[in-house]
Structure formats: C-alpha cells, structure tokens
*Asks:* 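Can you read through this structure? Questions will come right after.
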Amino acid sequence: MSNRLPISVLILTLNEETNIGRCLAALDWSDDVVVLDSFSADRTVELAKQMGARVYQRTFDDFAGQRNYALDEIDFVHDWILHLDADEVVTEDLRNEMAQSVARGHYPAYRIAGKLMFNGRWLRHAGMYPTYQVRLGRKDDLRFRQAGHGQRETLNGEQIGTLSNGYLHYGFSKGLADWIARHNRYASQEARTNLAQRTALGSGSLGILSSDRTVRRRAVKVLAARLPFRPFLRFVYMYLLKLGFLDGSAGLTYCRMMAMYEYWIVLQERELRRQAGS
C-alpha cells in the first residue's frame, strides 16, 4: 500500500483489552506492529492477534527493561521503531510528520508529546502540553534507562529531534479507580527517585540552564522535589501559571488530582526516611 511508512511499532501491554483495538486501528500505515505483553489476564493478546499484530510475552520488570528487551531480542522489519503504550493513539498529523522526519533522517531519535484526554476533551493547559518523551528512534541507536515510574533515553540531547505534532493519550480510559491505583504505585517510585537525587547536592539542577527544553524540565523537577508545600505549589503551577483553568471543570478536577498525587509522593518520602532511620 502506498500509505505504508518504513516504521515498525512496539506497544507494551498489560490487561489492555479496553485500549488495544483503538490503538491498533490507528496504525494501518505500518506493516510491522509488535505487541510485547506482560501476560495479560484479559483478551489483550487475542484482540492484538486478530488485528494483525505480532505478539510476544515477557514478565514486566520496568518500562525501560521491556523496551530494551524488545529492541535487543525481537526481529523488527524496519530500522525505525515507534514506541507506544496501548492507551495512546497516533493522529494523522503525527503520522505525516513522522514520514517526513524518517525520510530526512536528520536525527537518530525524536521526541513526541502526548495530548492527555480527560472527560472527553484534550487538556491543552492542565495536561502540561507539550511534555515530551523520546518515542521514535532507530533500533540500533535508541536505548532506555528507568527513571522514576517511566523511562528516559540514553542519547544526548543534541542527538534528538522534536516533532511538533503529538499523539492522543487516553490515560483515564480504564476509569478513575485504575488511575488512582497506578499513581499510587508511581508515587512510590517517584519518592525513591527523589530521595536518591537528594543524596547528591545539586544533582541534575545545573540542567536548568540548558538550552534543551527537556533537560530544563527535568532539572526543574529535581529542584521542585526539594520545595515545601509541594502539593499546593503543584496545583498553583498547573491551574494558574499553566492556565489549567482554561480547560474548565475537567482542568480543575485534573489539577486537584495531580496535587493529591504530589501529596502521595510526599507521604511516601516521609515513610522511606522513617524506615531508613529505624
């Protein structure tokens, strides 16, 4: 087909029968879609195979481990790999921009921002758009390391390009209970990361002077983790400074939920410090 792109797609899954169909339906431009499943107990694997994806399974360790395993052990058809989660959907604009970017090949990897969908709308402001992750890269060049509850690339910033179009992120597709459960786990991981960074004074903070937007954002996150009243400050930052109020009631709800998430991180840090002192 003429609309095919020379890009393979890797999707990580665990019990994603709610999302996998929508994700795969938007990938008809790829002739090589791979699902790396963490032994789902629902119909994820069955649905993925029905829609033409190749399915492999591996016990989940962390996001970086899963992605690196796939890059090292799975035979992909194409050199370029797009990394997705099952609750993410590639838009037509993003597809077209990826086609142009891989044809030019100016960089071995590209950052892409997610557009968070909540209560049927895109949270343009409260969702902190654009917040970038490296999601498109050549198989031999791109590897990941775990950081907090997510992964980061091992490439230097100057080796990474930035795409202007984003993918849709349906982070609430499994309901609020699932979101709360996931973010409770994430809070534990973020708390451990924050405490580890504090052991080295100034760790990562000099990045705030970087010309790279992603490096600056990560440096601000390191510094912000040392501030008092973090849940309140997070709400003020997202709702007022980032104009989350323009997203209406959905924006207000999401900003309050993220302040709550920040409080969970604070509580987990306190517990870890108590355990270390006992």
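Keep in mind that the numbers below use all heavy atoms, side chains included, and drop hydrogens, waters and symmetry copies.
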*Asks:* Is it the case that T162 and R111 place a side-chain donor and acceptor less than 3.5 Å from each other?
*Replies:* yes

*Asks:* Do the non-hydrogen side-chain atoms of I81 and H83 ever get within less than 4.5 Å of each other?
*Replies:* yes

*Asks:* Looking only at atom types and distance, does a side-chain atom of R256 sit under 3.5 Å from a main-chain N or O of G251, one as donor and one as acceptor?
*Replies:* no

*Asks:* Around atom OH of Y186, are there more than 12 heavy atoms of other residues, nucleotides or ligands at under 6.0 Å?
*Replies:* yes

*Asks:* Using a 3.5 Å distance criterion without hydrogens, assess whether the side chain of S40 forms a donor-acceptor pair with backbone atoms of D42.
*Replies:* no

*Asks:* I'd like to check L252 versus Y239 (side-chain heavy atoms, cut-off strictly below 4.5 Å). Are they in contact?
*Replies:* yes

*Asks:* In this structure, would V90 and L5 fall into the same cluster of hydrophobic residues linked by side-chain contacts under 4.5 Å?
*Replies:* yes

*Asks:* Do V33 and S8 come close enough that some side-chain heavy atom pair is under 4.5 Å?
*Replies:* no

*Asks:* Is a side-chain N or O of R143 found less than 3.5 angstrom from the main chain of K139, in a donor-acceptor match?
*Replies:* yes

*Asks:* Checking the side chain of Q146 only, and the main-chain atoms of F63 only, is there a donor and an acceptor separated by less than 3.5 Å?
*Replies:* yes

*Asks:* Would you say E262 and F235 make side-chain contact, with heavy atoms under 4.5 Å?
*Replies:* no

*Asks:* Ignoring hydrogens and angles, tell me if any N or O in the side chain of Q159 forms a donor-acceptor pair with the backbone of P108 under 3.5 Å.
*Replies:* no

*Asks:* Between T59 and F39, is there a side-chain heavy-atom distance shorter than 4.5 Å?
*Replies:* yes

*Asks:* Are Y254 and L241 in one and the same hydrophobic cluster, where Ile, Leu, Val, Met, Phe, Trp and Tyr link if side-chain heavy atoms are under 4.5 Å apart?
*Replies:* yes

*Asks:* Nearest 0.5 Å please: distance from the CG atom of L14 over to the CZ atom of F60.
*Replies:* 8.5 Å

*Asks:* Are the side chains of L267 and E271 in contact, using a 4.5 Å heavy-atom criterion?
*Replies:* no

*Asks:* Can you tell me if N184 uses its side chain to pair, donor with acceptor, with the backbone of I180 under 3.5 Å?
*Replies:* no

*Asks:* Under 3.5 Å, is there a donor-acceptor pair linking the side chains of D31 and H78?
*Replies:* yes

*Asks:* If you group Ile, Leu, Val, Met, Phe, Trp and Tyr by side-chain heavy-atom gaps below 4.5 Å, do M98 and Y110 land in one group?
*Replies:* yes

*Asks:* Measure across Y132 and L163 and return the closest heavy-atom pair with its distance rounded to 0.1 Å.
*Replies:* CE2-O, 3.7 Å

*Asks:* For D72, I'd like to know if atom CG has over 12 heavy atoms of other residues, nucleotides or ligands within 6.0 Å.
*Replies:* yes

*Asks:* For the backbone of F76 and the side chain of D32, can you confirm whether one donor and one acceptor N or O come within less than 3.5 Å of each other?
*Replies:* no

*Asks:* Judged by atom type as modelled, is there a donor-acceptor pair below 3.5 Å linking the side chain of T131 to the main-chain atoms of M128?
*Replies:* yes

*Asks:* Determine, stepwise, if the pair D85 / R135 fulfils salt bridge (charged side-chain N to carboxylate O under 4.0 Å, His left out).
*Replies:* CA-CA 10 Å; D85 294 332; R135 290 299 193 90; 3.8 Å; yes

*Asks:* Quick one: which of R230, R274, R192 gives a salt bridge (Lys or Arg N to Asp or Glu O under 4.0 Å) with E269?
*Replies:* R230

*Asks:* Hey, would you say the Y129 and W122 ring centroids sit under 6.0 Å apart?
*Replies:* yes

*Asks:* Tell me, do L155 and V134 make a side-chain contact under 4.5 Å, heavy atoms counted?
*Replies:* no

*Asks:* If you take all heavy atoms of R54 and D75, which pair is closest and at what distance?
*Replies:* NH2-O, 2.9 Å

*Asks:* Report the residue from D87, L84, L36, T44 that forms a side chain to side chain contact (heavy atoms under 4.5 Å, CB included) with T13.
*Replies:* T44

*Asks:* Are the side chain of E16 and the backbone N or O of A86 linked by a donor-acceptor pair below 3.5 Å?
*Replies:* no

*Asks:* Should the ring pair Y261 and W264 be called parallel, tilted or perpendicular, given that the plane angle runs from 0 to 90° and is split at 30 and 60?
*Replies:* perpendicular

*Asks:* Hey, any chance I11 and V45 share a hydrophobic cluster, counting ILVMFWY side chains that come within less than 4.5 Å of each other, even indirectly?
*Replies:* yes

*Asks:* Find out whether M238 and M258 are in side-chain contact, i.e. whether some heavy atom of one side chain is under 4.5 Å from a heavy atom of the other.
*Replies:* yes

*Asks:* Start with the C-alpha distance between R234 and Y237, add both sets of side-chain angles, then the distance that settles side chain to side chain contact (heavy atoms under 4.5 Å, CB included), and finish with yes or no.
*Replies:* CA-CA 5 Å; R234 184 159 192 167; Y237 178 71; 5.7 Å; no

*Asks:* Run the salt-bridge test on D28 and R4 with the 4.0 Å N-O cut-off and return the result as yes or no.
*Replies:* no

*Asks:* Under 4.5 Å between side-chain heavy atoms, hopping through other hydrophobics if needed: is there a path connecting I265 to M257?
*Replies:* yes

*Asks:* Any side-chain donor paired with an acceptor under 3.5 Å for Q66 and R58?
*Replies:* yes

*Asks:* Got a donor-acceptor contact below 3.5 angstrom from the T154 side chain to the F144 backbone?
*Replies:* no

